[in-house]
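Keep in mind that this is a model prediction, so the values were computed, not measured. We use all heavy atoms of the structure for the numbers below, so side chains are in, but hydrogens, waters and symmetry mates are not. Numbered from 1 within each chain, the chains take letters A, B, ... in sequence-line order.
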Number of protein chains: 2
Amino acid sequence: MDRYYAGVDIGGTTVKLGMFSHTGELMEKWEIPTRIEGEGENILPDVAASIEERRAEKGGNIMGIGIGAPGPVTDDGVVLKCSNIHWPVLDVRGKLSKLTGIAKVKVGNDANVAALGEMWKGGGRGFDSIVMITLGTGVGGGVIVGGKILTGAMGAGGEIGHMKIRLDETEPCGCGAKGCLEQYVSAKGIVRMAKAEMRRDSVLSKITDLTAKDVFDAAKEDDEYALSIVDQFARYLGTALANVAHVLDPEAFVIGGGISRAGDIIIKKVEKYYNDNVLYALKDKEFRLAQLGNDAGIYGAVRMVL
Amino acid sequence: MDRYYAGVDIGGTTVKLGMFSHTGELMEKWEIPTRIEGEGENILPDVAASIEERRAEKGGNIMGIGIGAPGPVTDDGVVLKCSNIHWPVLDVRGKLSKLTGIAKVKVGNDANVAALGEMWKGGGRGFDSIVMITLGTGVGGGVIVGGKILTGAMGAGGEIGHMKIRLDETEPCGCGAKGCLEQYVSAKGIVRMAKAEMRRDSVLSKITDLTAKDVFDAAKEDDEYALSIVDQFARYLGTALANVAHVLDPEAFVIGGGISRAGDIIIKKVEKYYNDNVLYALKDKEFRLAQLGNDAGIYGAVRMVL
């Protein structure tokens with residue numbers, strides 16, 4: 001009888017699922033919609049039913065389920081609140097275990113779980129202490145120490161996007177504070193910086209609906225203003241990661257999310273500002289691009305139960 | 001036959017030693033000079049001889065030795081360099097074990113070890129994930145996660161004093177970078193801030209050889225200028241600890257070192273700025289003063305082997 005393991009990554013719109021062999025090979029992946037009506041009470045039953053359906057097609061047994069959720073999660077698998085999927089405080093481990101009859105269920109915060117996935121099969125391969133930062137609409141982070149997710153007392157470890165990087169910022173971040181890293185290195189933050197002091201001689205000034213990708217593309221074409229924005233971006237991110245290193249001293253940093261598709265230009269510049277701002281013992285860490293894209297979550301989730 | 005455990009804290013001038021019962025009670029403590037001549041090659045033999053001398057007086061056996069050293073230490077007890085006691089890269093665990101014939105020797109960075117001591121028997125009692133910050137001439141830090149020291153890949157975890165807090169600083173820190181936390185919250189940093197914009201109507205303007213203690217004393221007497229300096233100090237420290245919390249999400253912060261003798265005024269103000277700058281899930285952490293003073297090191301050291 002074959003033995004399988006399921007990895008689940010719950011997002012605001014879709015739930016990503018993967019079925020893995022007991023050696024950790026991804027055998028198939030699929031998605032289902034995230035039904036957030038009410039208190040999101042359909043989500044876990046939908047997950048359980050979808051996994052059982054695939055299992056029944058294949059035959060065999062599911063030996064464990066790992067699951068990433070978009071909110072703070074305690075070490076014993078209780079989600080403390082996920083506002084974007086309407087979950088209240090919820091014992092996800094207990095509930096999913098009951099729904100599926102599978103004893104081995106583990107739950108983690110989605111950003112932390114993605115970091116674990118990248119360490120296992122992606123940009124962080126070969127290391128066992130990494131910090132992953134995900135640069136998308138917002139900025140997420142995940143911390144792995146000694147091969148394990150650093151959860152934190154309130155499940156809020158790795159919230160690197162809300163480290164304060166500028167004390168003199170006057171505009172508020174979405175979180176209410178001012179000067180958070182997210183205000184400078186998220187997609188939205190990069191566009192905000194580019195618009196703030198736009199120069200007429202830059203190609204960026206001709207673009208309506210400017211995106212972060214436009215900024216990086218123009219920088220690659222040597223547009224001076226775009227290069228200066230990328231430089232600011234790298235300065236904030238490199239300095240923030242230096243601050244993280246002074247706390248954690250990881251082996252490597254993995255940079256993911258939509259922005260990271262800009263590629264090596266990011267690594268090179270961020271590395272420079274990082275090295276300018278760390279103690280000698282912390283210099284020359286490895287900087288890597290994430291490799292698993294949207295699959296990092298299901299990989300990391302299943303890694304928790306393998 | 002009685003069983004004892006020794007805790008050792010190596011400083012630049014003296015080595016502090018403590019003999020503990022197997023239940024962790026401090027039975028006696030003493031000091032010897034740190035002989036740093038050459039490559040500091042006398043230090044470990046001196047430690048071994050001093051421990052053996054005390055053991056011989058008492059009778060009984062030493063079951064383990066824990067030791068804190070002022071530099072980066074790897075998980076397997078190798079000190080990567082301690083410039084102030086002239087040590088090169090040194091296998092302290094192996095060497096002390098050979099000198100004493102005791103198999104159980106553990107080594108940690110002194111600031112991390114002090115944090116462990118405070119968690120065990122001092123200001124951090126009752127928690128198992130804390131961040132300790134030591135405000136003295138410089139600023140040290142130690143991180144404990146799940147009851148264990150977070151060492152870091154290069155033994156440089158917890159170097160909180162060199163997190164960058166101001167991007168616009170023009171004066172360099174001792175480490176070479178600019179804008180390190182240490183430049184604002186160490187004894188030297190506080191005096192520097194107070195001197196920078198000294199006001200004639202402050203009692204501080206009449207003091208030659210101004211100290212950080214003077215600043216806190218004047219603040220307690222409601223000297224307006226001194227209060228504004230304490231407020232700046234608290235803003236930098238509270239913001240830096242908020243940044244640490246976004247990475248680690250500890251249960252509590254313990255503030256130690258000479259500056260912490262100013263007492264509750266520090267806790268109250270730092271807590272305020274901390275809460276102003278963290279995500280909701282991280283608010284209202286515990287802030288405690290360190291309680292063990294110079295004994296934190298020997299307590300933490302012995303804790304590693306108990």
Side-chain angles (χ1 to χ4, degrees), chain A residues 71-72 75 80-81 127-131 141 143 145-146 148 150-168 173 175-181 235-236 238-240 242-252 273 276-286, chain B residues 71-72 75 80-81 127-131 141 143 145-146 148 150-168 173 175-181 235-236 238-240 242-252 273 276-286:
Chain A
D75 268 333
L80 294 180
K81 208 181 168 184
F127 303 109
D128 81 345
S129 293
I130 67 163
V131 173
V143 176
V145 176
K148 285 188 178 157
L150 190 147
T151 306
M154 300 299 290
E159 285 286 3
I160 293 165
H162 297 282
M163 293 179 80
K164 176 164 287 207
I165 194 76
R166 277 189 65 164
L167 294 177
D168 58 352
C173 174
C175 76
K178 289 172 185 166
C180 294
L181 180 62
R235 181 179 180 215
Y236 291 124
T239 306
N243 281 353
V244 171
H246 285 117
V247 180
L248 287 175
D249 182 11
E251 295 173 303
Y273 280 107
D276 283 352
N277 285 290
V278 283
L279 287 177
Y280 185 76
L282 296 166
K283 284 194 199 292
D284 302 317
K285 298 281 185 196
E286 296 292 330
Chain B
D75 267 332
L80 294 180
K81 207 181 170 184
F127 302 109
D128 81 345
S129 292
I130 68 163
V131 173
V143 175
V145 176
K148 286 191 177 154
L150 190 148
T151 307
M154 298 299 291
E159 286 284 5
I160 294 167
H162 296 282
M163 292 178 80
K164 176 163 285 209
I165 194 75
R166 276 188 66 164
L167 294 178
D168 57 353
C173 175
C175 76
K178 289 174 184 167
C180 294
L181 180 63
R235 182 180 181 217
Y236 291 124
T239 305
N243 281 353
V244 172
H246 284 117
V247 180
L248 286 174
D249 183 12
E251 295 173 304
Y273 280 107
D276 284 352
N277 285 291
V278 283
L279 285 177
Y280 184 77
L282 296 166
K283 284 194 200 292
D284 302 318
K285 297 281 183 197
E286 296 293 329

Ignoring hydrogens, what is the shortest heavy-atom contact between [X] and [Y]? Give both atom names and the distance.
X: A/L167; Y: B/R235; result: O-NH2, 3.1 Å
X: B/K164; Y: A/N277; result: NZ-OD1, 2.5 Å
X: B/H162; Y: A/H246; result: O-CE1, 3.1 Å

Exercise. Given side chains that start at C-beta, do those of A/L150 and B/L150 come closer than 4.5 Å, heavy atoms only?
Worked result: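 Yes, at least one pair of side-chain atoms sits under 4.5 Å.
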
Exercise. Just wondering, do B/L248 and A/V143 contact through their side chains at under 4.5 Å, heavy atoms?
Worked result: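 With C-beta onward as the side chain, the pair stays apart.
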
Exercise. Looking at residues at least two apart in the chain, or sitting in another chain, which of them share a salt bridge (Lys or Arg N to Asp or Glu O under 4.0 Å) with B/K285?
Worked result: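 Salt bridge (Lys or Arg N to Asp or Glu O under 4.0 Å) check on B/K285 returns B/D249.
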
Exercise. Looking at B/G152, B/A240, B/G146, which one has more heavy-atom pairs under 4.5 Å with chain A than the rest?
Worked result: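 Counting heavy-atom pairs under 4.5 Å, the top option is B/G152.
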
Exercise. If you count heavy-atom pairs under 4.5 Å with chain A, which of B/G157, B/A156, B/A177 comes out on top?
Worked result: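 Going by pairs under 4.5 Å, I would pick B/A156.
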
For this session: Let me know if A/A242 has heavy atoms under 4.5 Å from chain B in its side chain, its backbone, both or neither.
Result: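 Contact with chain B involves no heavy atom of A/A242 at all.
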
Problem set entry | Segment of A/T239 engaging chain B (4.5 angstrom heavy-atom cut-off) |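 The side chain, not the backbone.
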
Problem set entry | Among A/G158, A/G179, A/C173, A/P250, residue most engaged with chain B (heavy-atom pairs, under 4.5 Å) |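 Highest number of heavy-atom pairs under 4.5 Å: A/G158.
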
Exercise. In chain order, what residues pass the ring-ring contact (aromatic ring centres under 6.0 Å, His included) check against A/Y236, with sequence neighbours excluded?
Worked result: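 A/Y236 satisfies ring-ring contact (aromatic ring centres under 6.0 Å, His included) with A/Y184 only.
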
